[in-house]
Amino acid sequence: MNYWLMKSEPDVYGIDHLAAEPGQTDHWDGVRNYQARNMMRDQMKVGDQVFFYHSNCKEPGIVGIMEIAREGYPDFTAWEDPEGKYYDPKSDPDNPRWYMVDVRYVRHLKRIITLRELKQYADGELADFPLLRRGNRLSIMPVTKTQWAFILGLE
DNA sequence: GCCAACGTTGGC
DNA sequence: GCCAACGTTGGC
């Protein structure tokens, strides 16, 4: 089993949105970055555990856990609505450029583990954690089993 | 709202 | 294939 972290802006789609979905499951659409796409398309497996991270907000940090419910498949938001935010004329059903996965809500953390707190371990236990790397902008990143356990231990 | 960092685009 | 221009991300 693999571990991941996925970012979303809570004003756009936060963990409470996911928890309120039917079956507490939804597709993770709108990723338009090749590295992130490759992880969803090629590496994520059903049952993988994922940290839900709130970005671009007052208190950025890890707010909960979800799991992969369906493995990579074409992101139809690239073509369903030409006026849509995620429309990309270079992607179509016959030759999809973008992929997504389905995620299922597991639980909220007992408290938000903030980016500020995680940074305290940037030179220690979380030295290789991509989230803390300078200038990092990846919206999806792998988490090692060790990092996963350490972060959950902070809860 | 600012702006540093980074990815993508497109002219050459 | 280089690289300047541009757009986006995301912390602060």
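Chain letters run A, B, ... following the sequence lines, proteins first and then strands; every chain starts at 1.
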[X] [atom1] - [N] [atom2] separation (whole Å):
| X | N | atom1 | atom2 | value |
| --- | --- | --- | --- | --- |
| A/Gln35 | B/dC6 | CD | C1' | 11 Å |
| A/Met141 | B/dC6 | CE | C1' | 14 Å |
| A/Arg32 | C/dG10 | CZ | P | 15 Å |
| A/Leu138 | B/dA5 | CG | P | 17 Å |
| A/Arg116 | C/dC12 | CZ | C1' | 12 Å |
| A/His54 | C/dT9 | NE2 | P | 17 Å |
| A/Trp98 | B/dG7 | CH2 | P | 13 Å |
| A/Asn33 | C/dG10 | CG | C1' | 14 Å |

Identify each donor-acceptor pair in which a side-chain atom of residues 136-144 of chain A lies under 3.5 Å from a protein atom, sequence neighbours left out, and give them as a table.
| residue | atom | partner | partner atom | Å |
| --- | --- | --- | --- | --- |
| A/Asn136 | OD1 | A/Leu138 | N | 3.2 |
| A/Thr144 | OG1 | A/Gln147 | N | 3.0 |
| A/Thr144 | OG1 | A/Gln147 | OE1 | 3.3 |

Listed pairs under 3.5 Å, donor-acceptor, residues 104-113 of chain A side chains, sequence neighbours left out:
| residue | atom | partner | partner atom | Å |
| --- | --- | --- | --- | --- |
| A/Arg104 | NH1 | A/Glu67 | OE2 | 2.7 |
| A/Tyr105 | OH | A/His108 | N | 3.0 |
| A/Tyr105 | OH | A/His108 | ND1 | 2.6 |
| A/Arg107 | NH1 | A/Glu155 | OE2 | 2.8 |
| A/Arg107 | NH2 | A/Glu155 | OE1 | 3.1 |
| A/His108 | NE2 | A/Asp16 | OD1 | 2.9 |
| A/Arg111 | NH1 | A/Glu117 | OE1 | 3.0 |
| A/Arg111 | NH2 | A/Glu117 | OE1 | 3.4 |
| A/Arg111 | NH2 | A/Glu117 | OE2 | 2.9 |
| A/Arg111 | NH2 | A/Leu154 | O | 2.6 |

Any side-chain N or O of [X] less than 4.0 Å from the OP1 or OP2 oxygen of [N]?
| X | N | answer |
| --- | --- | --- |
| A/Lys119 | C/dC12 | yes |
| A/Lys85 | C/dT8 | no |
| A/Lys7 | C/dT9 | no |
| A/Tyr53 | C/dG11 | yes |

| said: Please classify the nucleic acid contact of A/Lys58 as base, sugar-phosphate, or nothing, using heavy-atom distances under 4.0 Å. | reply: nothing
| request: Check each of A/Arg32, A/Arg37, A/Arg41, A/His27 against A/Asp75 using the side-chain hydrogen bond (donor to acceptor under 3.5 Å, both in side chains) test, and report the only one that passes. | output: A/Arg32
| query | In the hydrophobic clustering that connects Ile, Leu, Val, Met, Phe, Trp and Tyr at side-chain heavy-atom distances below 4.5 Å, which members other than A/Phe76 occupy its cluster, ordered by chain and number? | reply | A/Tyr73, A/Trp79, A/Met100
| Under the 4.5 Å side-chain heavy-atom rule for ILVMFWY, direct or indirect, which residues accompany A/Tyr87? | none
| task | Using five pairs at either end of the helix from B/dG1-C/dC12 to B/dC12-C/dG1, determine the angle between the two local helix axes and round it to 10 degrees. | result | 10°
Using residues 121-129 of chain A as the side-chain source, report each donor-acceptor pair under 3.5 Å to any protein atom, sequence neighbours left out, with the distance given to one decimal.
none

Could you list, one pair per line, each protein nitrogen or oxygen that sits under 3.5 Å from a nitrogen or oxygen of nucleotides 1-4 of chain B, together with the distance?
none

| query | Partners of A/Trp98 by side-chain hydrogen bond (donor to acceptor under 3.5 Å, both in side chains), sequence neighbours excluded? | reply | A/Asp88
| field | Residue pairs passing the side-chain hydrogen bond (donor to acceptor under 3.5 Å, both in side chains) test where at least one lies in residues 44-54 of chain A, sequence neighbours excluded | value | A/Trp4-A/Asp48
| Quick one: on DNA chain B, does A/Arg97 or A/Asn136 contact a more 5' nucleotide (nearest heavy atom)? | A/Asn136
| note | All heavy atoms of A/Met40 vs all of A/Val101, minimum pair found to be O-CG1, 3.7 Å
